[in-house]
Novice: 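Just dropping this structure here.
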Amino acid sequence: MSYLSAPLPWLTAAANLLTRQKQISKKKIGLFVLPRTLSFTKEGKRFIAILFVIGIAAINTGNNLLYLIVAMMLSIIVISGILSESTLRGVEVCRILPRHIFAGTPVIVKWNISNKKRIFPSFSLVIDEALPNKLTAESGYILKLPARTTLAQIRPYIFHKRGLYKLEGFKTKTSFPFGFFLKGRRLDMPEDALVYPNIRPTKQIAAVKFSKSGELPEKIKGYGTHLYSLRDYTLMDDARVIHWKSTAKTTKLMAKEFEQEGNKKVKIIFYNTLTESTSLPANKEETISGLKDEFEEKVEEAASLANYFITSGFEVGFKSLTTELPCRSGKEQLYRILRELALIEPAAGSKNMPLTVVVSK
Amino acid sequence: MRFSAYFILISYLMAGTGLVAVSLTNIISPVFLIATGILISLSFFLSILGKPINIQRLVWNSLAIIILAAGLIDYLLISLSLIDASVRFLTILMVAKLFDLKTNRDYATLYLLTFFQLLAASASTVNLSFLFALALYILTGIWALTIFNLKRDWEEKSVAHNEIAKNILDPYFFIVTAGLAALSLIITLSLFFVIPRMGVGFFPKQTADTIKISGFSEKIDIGDLGPIKLDPSIVMRVELSGYKTPATSRLYFRGISFDTYNGAQWQQTIKELVALHKNSKGIWNLKSEIQNSNSEIIIQTILLEPIETNVIFAASTGIGVSGNFQNIAADKMGSFYLPAPFYSRIEYTAYSLLPAHPKPILPEQSYYKEVPLQYLHIPSGLDRVSVLVKGITSGKKTPLDKAISIEEYLKKNYRYTLSPGIPDRSIRKQEGKNPVEDFIFYTKAGYCEQYATTMAIMLRTIGIPSRIVTGFLPGEWNKFGNYFIIRNRDAHSWVEAYMPGAGWTTFDPTPSADTVGAMPAATTAIGLYIDTLKWKWNRYIVNYSFQDQMNLAKTVEGKGRSMLSKLRGSFNTKTVASKWKDMLLLITAVVIAAIILITIRSLVLRAKGKTRWPNTPLFYKDMLVLLAKKGKTKKTGETALEFADSVAIEGVKAATDIYYNIRFGGHKPTDEEKAQISAYLISIRKTLP
């Protein structure tokens, strides 16, 4: 367990920082957080400025009709408040996330937007996901949402980084009715989204990894599922092995031979450690940033390798300093590995174990 | 309807409202107004047909500069009035803008221009029509701004236009808009009364045409009042405090009095003015009158139109005036004066003594020394009149009896007409030496001036000091608003004679108009109702003041206190019915307070983003449903623990413990506990039949 001890304090700091950023905690909503946000639009600022000027003129002249206009402008503010509140109230948004999300890859998310009010429709509603810095999600806009109806909208999301996203909810806002004020309301819709690391093309990486760790596993004829070779059909063969395409080409019956399944096994070993293997820049922040980038690169590399081998029909296992998954084949295994990689954090290591990804038999 | 046509229509409606607003000001001439209307219509049809005139930006900017220059010339050289020049400038600019409506910014500019037009109207008129223009502006404004804002939003978000038409252009949207406009108007009026007034600001700019009037200057020719007796223009409206019916119909709204008659003209020779002092209640009062008075005081709220005099009116014997004035002066004959004629409607409160019935008293030796000699001066050539007066008053001992006998004589023997003598001049063979003699002996017909002059002179011939007074009769009683409408035609002249022991006493020798059939037709009910609206508009909106606001606050405070004290004393009241009534009030108050508290609490909890406790765990709900199916229903008001005890099943008790821990202890169930809960539910299902 020696690798668990931190060799340098700043490594611990980097690890903490990375850890904290992966867990995006729900912001606590306290007593002093208003249930609505309100800001002035450009027109709203002008409106208020005119209101002040007329108010001063009314006081100076004592002209009651100017007071009447001031009162009218104030009533417009009141009406605006009532209508914008009516628009925001009773609106609920429910999101349906796809099963698998990859960092940096656009995904389609469905929003079900409902107006639970009995009578009043909602107008000109802008809806945003309430986590703008960590993901890119297009705003939704609804011109009119009649009472007691639900509309579905498809919005593309891009999660920029892997990890567990604690989605908080939505921000709804409207400038209805007059465009003087932008009133917002927060809709709580907490949901966890696990984002897998990005997967890159990996053929070359895989070849390099194998050259370092040993030879590629030999293909041996057997009873697997992947094609090994074609040969002439014999009467001893099962009719199901006939390769009809080749038969058509050669005008004689050809049979398929399969690879031996058990032989296609690899294990991806991820030394998720931060050690002196990384050169140390003078600036601490740059150091942390550099480490972070390097770590993320390795995570993506591991994910890409896992994807490559799984899609190539291998049984793939995964091992890191903190977890181990036995070798299995199929998409489910890939997702198991990706889940681990989505949440993997740097662990403190030693000189003997630099940050690296190794593929072994 | 296409959306673009709909949007153009409402934008032009708003422009039309702006034009209506400025048309109330009387600043723009009818020709200008018609020309503007034609141009707006032309622009509207071009826009609707989709054939707008394409004005290059450079041309438009040049045009705007030319309009601005014209506005400046108007202000500096022609009208010399910023408001007048602004109204014309804004109207021309608006019309020009209507021909250049392309972008959203153009529409926003148009709306802003219409708003400034409304603003200009507010500074130039006090007409009741302004309220209707304001209401119309609120309706069109809310409608246009809402559609404009939606249009801008959907253009930003690239929403298809057919979707807009489908969603917005329905009658429901307009009905809601109209409802909102009504709500906005109510809020506007409510806010108007509560916006703090600073008590500053003197007379606003001239906001109404000055009414031509005569008889209220230093001199009055006999016949001056004649022409205005046919004029129905309203001069003032008078509300009597505490009077809901015209009970005091023989009131005389006194303006100015004249002491010297030269045979053809009355003059004011006693014209020394005294500046009055304001007392602690804000009343400029004639102290001597108040001190000497034991009569009833009548308070009048008077809304006076701008007239060509600085005299202000008060009923009968005015003893004080209050209002938004810098200072007030009074002459020795009891008339009140402003420093200068006023050019806008003014509202003030006058305090007067109701005339008491004088007692006939024989004069003492010093009687004549109490009054200036001007009140006894008579022109020469009235010998025949003196002889007649002695005949009329023979047998009458006191000055009062003599005055009454003259008054009666004139009322009975002379005819009321607004064209005295003139039609008969061609057939008349003789004329008097002076107007008085002519009236008494030849024409024998006239109106108030002839009657009053004749009586005043007749009184003087027998040594009774007298003067004539010009002012107004109460006019028409408006039963809807409970006030008098006083018109120019109600101008009147009467006599004041100095009576021993009673002072100056009013006599009116003119036969009343109704008895002589000279009463004009009464205003229709609709006319009276409209006038009531005008009265209320002027009384409560145009002339609403800091003092009114104070009074309103005091009234509200007083009502609140009386309600509270009524509530406090509810248990001391004698009748059972009122006790119940008060009890009901108390319960209602408690319920309202509870609702307010609960609402505040739920708002606070919502702000916290959570309810007080987390929601009931699903397994507990399932368990309750399961038990209910088996006939064990949890009663309302029963706690979970009590229910578990009553059911007496081990699994229920254990599950209830976990439920308490989760819901109120913030505990998160472990996998083991989850498994236990499942087991409990299965066992409950099996245990119960």
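No experiment lies behind these values; they were computed from the predicted model shown. Letters go in sequence order (proteins before strands), and every chain restarts at 1.
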Novice: Which heavy-atom pair separates B/Leu191 from A/Ser75 by the least distance, and what is that distance?
Specialist: CD1-N, 3.8 Å

Novice: Does atom NZ (B/Lys534) have a neighbourhood of more than 12 heavy atoms from anything else shown, all under 6.0 Å?
Specialist: no

Novice: Before giving the answer on side-chain contact (heavy atoms from CB on, under 4.5 Å), spell out for B/Thr146 and A/Phe176 the whole-Å C-alpha distance, their side-chain angles and the decisive distance to 0.1 Å.
Specialist: CA-CA 7 Å; B/Thr146 308; A/Phe176 186 76; 3.5 Å; yes

Novice: Determine the option with the most heavy-atom pairs under 4.5 angstrom with chain B, choosing from A/Leu65, A/Ile82, A/Leu66, A/Ile69.
Specialist: A/Leu65

Novice: Which value, rounded to the nearest 0.5 Å, describes the distance between A/Ile77 atom CD1 and B/Ile187 atom CD1?
Specialist: 11.5 Å

Novice: So does B/Leu597 have more than 12 non-hydrogen atoms from other groups sitting under 6.0 Å from CG?
Specialist: yes

Novice: Please confirm whether the backbone N or O of B/Tyr544 pairs with a side-chain atom of A/Asn64, one donor and one acceptor, at under 3.5 Å?
Specialist: yes

Novice: Surrounding CZ of A/Phe120 (heavy atoms of other residues, nucleotides or ligands, distance under 6.0 Å), is the total greater than 12?
Specialist: no

Novice: Any side-chain heavy atom of B/Arg197 within less than 4.5 Å of one from A/Tyr67?
Specialist: yes

Novice: Quick check for you: among A/Ile50, A/Ile54, A/Val70, which has the greatest number of heavy-atom pairs under 4.5 Å with chain B?
Specialist: A/Ile54

Novice: Any side-chain heavy atom of A/Leu74 sitting closer than 4.5 Å to one from B/Thr188?
Specialist: no

Novice: What are the two closest non-hydrogen atoms of B/Ser122 and A/Asn63, and how far apart are they?
Specialist: O-ND2, 3.1 Å

Novice: Rounded to the nearest 0.5 Å, how far apart are OG of A/Ser124 and NZ of B/Lys151?
Specialist: 13.5 Å

Novice: Which answer fits B/Leu150, side chain, backbone, both or neither, if we ask what part of it has an atom under 4.5 Å from a heavy atom of chain A?
Specialist: both

Novice: Measuring heavy-atom distances to chain A, does B/Trp537 have an atom under 4.5 Å in its side chain, in its backbone, in both, or in neither?
Specialist: side chain

Novice: Apply the test side-chain contact (heavy atoms from CB on, under 4.5 Å) to residues A/Met72 and B/Leu118: give CA-CA distance (whole Å), side-chain angles for both, the deciding distance (0.1 Å), then the verdict.
Specialist: CA-CA 11 Å; A/Met72 180 196 79; B/Leu118 185 77; 4.3 Å; yes

Novice: Using non-hydrogen atoms and a 4.5 Å limit, figure out which bit of B/Leu180 sits close to chain A: side chain, backbone, both or neither.
Specialist: both

Novice: Please check this pair: side chain of B/Asn149 against backbone of A/Ser175, looking for a donor-acceptor N/O pair closer than 3.5 Å.
Specialist: yes

Novice: Answer with side chain, backbone, both or neither: which region of B/Ile186 has an atom nearer than 4.5 Å to a non-hydrogen atom of chain A?
Specialist: neither

Novice: Might you work through the side-chain contact (heavy atoms from CB on, under 4.5 Å) test for B/Phe115 and A/Met73, ending with a clear yes or no?
Specialist: CA-CA 11 Å; B/Phe115 176 74; A/Met73 294 178 82; 3.6 Å; yes

Novice: Quick check on B/Leu185 against chain A: is it the side chain, the backbone, both or neither that has a heavy atom closer than 4.5 Å?
Specialist: neither

Novice: Identify which part of B/Tyr137 has an atom lying under 4.5 Å from any heavy atom of chain A, answering side chain, backbone, both or neither.
Specialist: side chain

Novice: Can you tell which of B/Val176, B/Leu134, B/Leu189 has the highest number of heavy-atom pairs within less than 4.5 Å of chain A?
Specialist: B/Leu134

Novice: Heavy-atom count check: over 12 atoms from other residues, nucleotides or ligands less than 6.0 Å from A/Lys117 NZ?
Specialist: yes

Novice: Got a second to check how far B/Asp153's CG is from A/Thr174's OG1, nearest 0.5 Å?
Specialist: 7.0 Å

Novice: What do the steps show when you test A/Phe123 against B/Phe173 for side-chain contact (heavy atoms from CB on, under 4.5 Å), and what is the final call?
Specialist: CA-CA 11 Å; A/Phe123 290 98; B/Phe173 191 83; 4.1 Å; yes

Novice: Quick one, A/Pro121 and B/Tyr172 - any side-chain contact, counting heavy atoms below 4.5 Å?
Specialist: yes

